[in-house]
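Everything quoted here is computed from the prediction, not taken from an experiment.
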Amino acid sequence: MPPIIETRQLHHLYSAGTPFEHAALKEVDFSAQAGEYLAIIGRTGSGKSTLIQHLNGLLKPTSGQVLFEGEDIWSSKEHTRAVRFQVGLVFQYPEYQLFEETVYKDISFGPRNMGLDEGEIDRRVRQAARFVGLDEALLDKSPFDLSGGQKRRVAIAGVIAMEPKVLILDEPTAGLDPAGAAQILDNIRNYHLEQNATIILVSHSMEEVAREAGRLVVISEGTIPYSGTPSQVFAHGAQLERMGLGVPAMTRVFARLRAMGLDVPGGVYTIEQARDAVLAALARNGAGSGQPSARGEERWT
Amino acid sequence: MALKDITLGQFFPGSSLIHRLDPRAKLIGLIAYIVALFLANGWLTYLIAFLTLALVVAVSTVKLKALLRGMKPVLFLLVFTAVLNMFYTPGTPLAKFWIFTITYEGIVHAFFMVIRILMLISATFLLTYTTSPLALTDGLESLLGPLKKVRVPVHELSMIMSIALRFIPTLIEETDKIMSAQRARGADFDTGNLIQKAKALIPLLVPLFISAFRRADELATAMECRCYHGGEGRTRMKQLHYKPGDGLFIFAALAICVGIGVLGRFGW
């Protein structure tokens, strides 16, 4: 199946022709399949923001191509604008772009720009609000009266309301408390499952991407050194560390346990997997029937 | 749109003699030079003014190209001044067509006028190129210090100025970001007639104003947390001290100003 969105030899120079010129992306080949949930990881300044802004035509490549459903998104001005409705981009701290008097009007900004009729706009606004778990009663309120987490969800609803086939989110959980972050990730997963949409999540949290995404794309100094399933990517632990990224805490713990000669599986990156792996290991050693906690204490003292 | 390319009173860091001068000395020097330019009255005085500027430019290591780039916005004014002076100065006619007369005096006058404006702008740019905005406001505050006696809020004014300068790049960056975010939702800033374009700015301006107020609020809180309470009794970490070189610079600037003034009186 051809990818829904891809870049070919994408190269981007900032401040071209001045002494400040530097390449943010170097001949990057990136692709995403329809219905895929993938995550982009990279440290600050690695080029990930530059990459995602190319995917919906906010930045123009210095050289190379960006294809959406097999067609160059820069083939015409109308096409570029049309692609922006198909490839929704949620920026970092999106709550700072809210501007309307009511939540309803703000969410409807995107669909209205698409030129849809009122009935369709109304349906989309309500559905988007439902996706991000916003109460109907909030729709008539001013977005500036909401809490930080609610504002963030309004802003995400503003992009979801365009019903993009590809939804890109730049650090959607930055600055939220764990409950708020978990809720946003739930909302995104729901949108992914119900609309069969492609999700591209940019994140710093290795735990988050390991739990949510089916495929990880590592970006470092404008290139993509690794891409694959979480276990494939986290197998390069030492190299990731050197890129300033690292692996999830649980993966590190289990790598150490294996190094100490304990019989535990690799490819563990979440707390839940760690719990299951530990229980399984204890059961294998015949400790599952007894009192694991008591035995544990005995062993460590 | 490349908002980032806008430069305002740009500062080129360096370590030349001019860079290291006390900002107050440079400010006084600039004022003396501007006065001198308006007292200059003939070939000799203009030549002295030009040589002075050339010397300072050479010492400052500021690139001539950078200096000339600053002239672009005033090109229109220059041409306008030159043309007006050329046609409206009475004297010996050189050429005549229709109702216009070009006189010898007119050409000389126009030439001097253009040179005067060019040198004035170059000297001012030289100050902002070689002095950091912070040093400049410090210098201004110190020079205007005596006005505090007549209850002019000098410290507050200079604080406003430095905060404004500090936030220009931040706001430009913010504008870029909000513009991209709204474009991602299909906002169109570039097409349509004037009214449509003005309307399209609402989704940009509202968040921008809100964030500017938020930043102002945060900055005020941060300043209060560090016990800022205005200029009264406030000391500085970096005190401005005149060095012998600064005295020499001011003396030279005043001497040139007086010299040009005297020579100008005699029409040289």
Side-chain angles (χ1 to χ4, degrees), chain A residues 14-20 49-50 52-53 55-60 77-78 80-101 105-116 142-144 151 155-162 164 167-170, chain B residues 1-7 10-14 61-66 69-70 129 167 169-192 196-219:
Chain A
Y14 276 117
S15 312
T18 74
F20 307 107
S49 294
T50 311
I52 59 174
Q53 288 188 58
L55 297 182
N56 77 340
L58 283 175
L59 288 178
K60 196 167 184 171
K77 215 177 152 187
E78 291 72 33
T80 310
R81 192 149 182 264
V83 166
R84 288 200 186 135
F85 299 125
Q86 302 283 328
V87 183
L89 175 54
V90 179
F91 277 84
Q92 219 171 16
Y93 296 104
E95 56 272 30
Y96 294 140
Q97 33 162 303
L98 301 176
F99 68 98
E100 276 286 10
E101 298 149 52
K105 279 188 176 174
D106 209 288
I107 298 177
S108 70
F109 181 67
R112 207 170 291 280
N113 282 330
M114 296 170 81
L116 302 170
S142 160
F144 303 108
K151 276 189 204 168
I156 294 176
V159 174
I160 284 182
M162 301 191 299
L167 180 62
I168 308 170
L169 303 105
D170 191 355
Chain B
M1 206 178 297
L3 284 169
K4 281 184 195 126
D5 298 338
I6 297 174
T7 53
Q10 205 179 19
F11 167 53
F12 294 115
T61 65
V62 167
K63 296 224 166 47
L64 210 59
K65 222 167 97 186
R69 205 172 43 214
Y129 282 167
F167 274 97
T170 312
L171 285 180
I172 289 176
E173 202 176 293
E174 188 97 0
T175 311
D176 250 1
K177 226 164 76 187
I178 297 171
M179 249 175 148
S180 299
Q182 306 299 29
R183 270 210 187 104
R185 293 206 279 165
D188 187 353
F189 296 108
D190 307 321
T191 53
Q196 282 167 328
K197 271 188 181 166
K199 263 190 165 167
L201 284 181
I202 295 173
L204 172 65
L205 291 181
V206 172
L208 196 61
F209 268 102
I210 290 170
S211 97
F213 281 118
R214 186 173 43 83
R215 277 181 202 284
D217 218 37
E218 282 169 4
L219 182 67

- Heavy-atom closest contact (B/Pro207 atom, A/Leu98 atom, distance): CG-O, 3.7 Å
- Sorted by chain and number, sequence neighbours left out, salt bridge (Lys or Arg N to Asp or Glu O under 4.0 Å) with B/Glu218 holds for B/Arg214
- Residue-level interface, residues 86-94 of chain A with chain B, non-hydrogen cut-off under 4.5 Å: A/Leu89, A/Phe91
- Task: With sequence neighbours excluded, tell me which residues meet side-chain hydrogen bond (donor to acceptor under 3.5 Å, both in side chains) with B/Thr170.
- Result: B/Arg166
- Query: Under the criterion side-chain contact (heavy atoms from CB on, under 4.5 Å), which of B/Ile178, B/Leu204, B/Leu205, B/Val206 is the partner of A/Phe99?
  - Reply: B/Val206
- Item | Under the side-chain hydrogen bond (donor to acceptor under 3.5 Å, both in side chains) test, residues paired with B/Ser211 that sit two or more places apart | B/Glu174
- Message: Check this for me: does any side-chain nitrogen of one of B/Arg185 and A/Asp106 sit under 4.0 Å from a carboxylate oxygen of the other?
- Response: yes
- Item | Region of A/Lys60 in contact with chain B, defined by heavy-atom distances below 4.5 Å | neither
- Task: Below 4.5 Å from any heavy atom of chain B, which atoms of A/Phe85 appear? Answer side chain, backbone, both or neither.
- Result: side chain
- Query: Above 12 or not: heavy atoms from other molecules or residues under 6.0 Å from CZ of B/Phe209?
  - Reply: no
- Closest contact, heavy atoms only, B/Ser180 versus A/Gln53: OG-OE1, 4.1 Å
- Would you give the length of the straight line joining atom CZ of A/Arg84 to atom CG of B/Asp188, rounded to the nearest 0.5 angstrom? 8.5 Å
- Task: Report yes or no: does B/Gln182 contribute a side-chain atom to a donor-acceptor pair with the main-chain N or O of A/Gln97 at less than 3.5 Å?
- Result: yes
